Structures are given as structure tokens and as C-alpha cells.
Amino acid sequence: MAKTIHIINGPNLNLLGTRQPEIYGSVTLPDVNAACDKLSTELGLRTRFQQSNHEGQLVDWVQEARLTNAAGIIINPAAYTHTSVAILDALSMFEGPVIEVHISQVHKREAFRHHSYVSQRADVVIAGAGVNGYYLALTHMAGLLAD
Ligand code: CA2
């Protein structure tokens with residue numbers, strides 16, 4: 001049975017590919033989901049891809065990953081990266097690898113995007129690689145789980 005990786009996305013990422021292409025590119029979130037599905041199969045993994053605009057829903061999904069014995073979590077908490085102790089606390093109860101992904105290079109942007117609560121728990125942080133960051137994260141996750 002293939003290990004399952006939960007890929008969790010925060011607020012406004014449902015709009016990916018429809019606005020601000022100069023920052024976030026022109027690929028849509030369903031495109032990223034499909035590419036992650038394909039890549040995870042090649043890597044011998046399964047993915048569960050989720051997006052919500054609601055902080056509590058993201059916390060519930062992190063808890064669910066723990067309860068269902070997900071092998072790892074890849075998370076782009078979007079704006080909640082910079083505000084959410086609740087998501088950090090939920091991730092801290094998860095025992096597997098956690099990879100934080102940001103499409104944009106947050107450290108080249110406004111000062112309020114430079115701090116991440118989630119980074120306190122993340123084993124790996126990827127920022128600025130565009131949506132490729134998700135594929136890098138999955139590939140790296142496969143390596144971590146094989147070690
Ligand atoms: O770079 C990232 O992935 C971010 O997590 C994206 C968040 C932002 O608040 C973080 O600082 C960095 C914003 C997600 C909004 O996504 C949109 C995508 C396309 C059009 C409009 C919003």
C-alpha cells in the first residue's frame with residue numbers, strides 16, 4: 001500500500017493562475033493537483049490535495065493527516081503562514097516530515113511575509129520556485145520517506 005502525502009493549501013490559492021501572474025504564474029491549482037497526482041504515482045506515493053480559505057478547516061485537515069497516519073504533509077498555508085499559531089500547533093502534533101512551500105520568494109516581498117509560524121515546525125522550506133516548489137517538495141518527501 002503506497003504511503004499517502006497530504007498537500008494542504010491555504011486561502012486564495014484557489015485563485016492561482018487567474019490573478020497576479022507576475023507573482024504566482026499562470027498555472028491553476030487543479031493543474032498543480034493533477035501534476036502532483038502524476039508525480040506521486042511515479043514516486044510510488046499517493047497524494048491527497050486540499051485547499052481551504054478557512055483557518056479551522058486547515059487545522060482539521062492537519063489533525064486528520066495525523067489520525068489517518070499520513071506519511072507526510074506538504075503545506076502552503078498562504079497568508080496564515082504569517083499569522084497562525086493554530087496551524088503551527090496542529091503541525092507540531094504530527095510526527096512525520098512536514099515541508100512548507102511558498103510559490104513566491106516571500107523574503108523578497110513585504111516585511112510581514114518574512115516571518116512564518118509554520119517554519120518553526122517545518123523540516124524543509126521551499127520558496128520562490130513557483131509551482132515547481134510542490135514538485136520539489138514531493139520528490140524530496142519521497143527521499144525522506146525512503147531513508
Ligand atoms: O507565495 C506563496 O505561496 C504564498 O504562500 C501565497 C500567499 C501569500 O499570502 C504568502 O505570503 C505567500 C497568497 C496566496 C494568494 O494566492 C493568489 C494566487 C493568485 C492570485 C491571487 C492570489
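Quick note: residue numbers are just sequence positions, from 1. Each ligand, and each atom within it, is numbered from 1 in the order the structure gives. These numbers come from a predicted model, not from an experiment.
Within the structure, every pair that satisfies the side-chain hydrogen bond (donor to acceptor under 3.5 Å, both in side chains) test and touches residues 32-42, not counting sequence neighbours, is listed here: D37-T47, K38-E42, S40-T47.
Partners of F94 under the ring pair (Phe, Tyr, Trp, His ring centres under 6.0 Å) rule, at least two apart in sequence or in another chain, do not exist in this structure. Qualifying ring pair (Phe, Tyr, Trp, His ring centres under 6.0 Å) partners for H115, counting only residues two or more places apart in sequence or in other chains: Y117.
Around atom CD of E95, no more than 12 heavy atoms belonging to other residues, nucleotides or ligands sit under 6.0 Å away.
Heavy atoms only, all atoms of each residue included: P77 and P11 are closest at O-CD, 3.6 Å.
When heavy-atom distances to ligand 1 are checked against 4.0 Å, the residues falling inside are P11, N12, L13, L15, L16, R19, Q20, Y24, N76, A78, A79, H82, H102, I103, S104, V106, R113, ordered by chain and number.
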Does N53 form a side chain to side chain donor-acceptor pair (under 3.5 Å) with Y80? I'd like the steps, not just the answer. CA-CA 10 Å; N53 293 329; Y80 289 134; over 6 Å; no
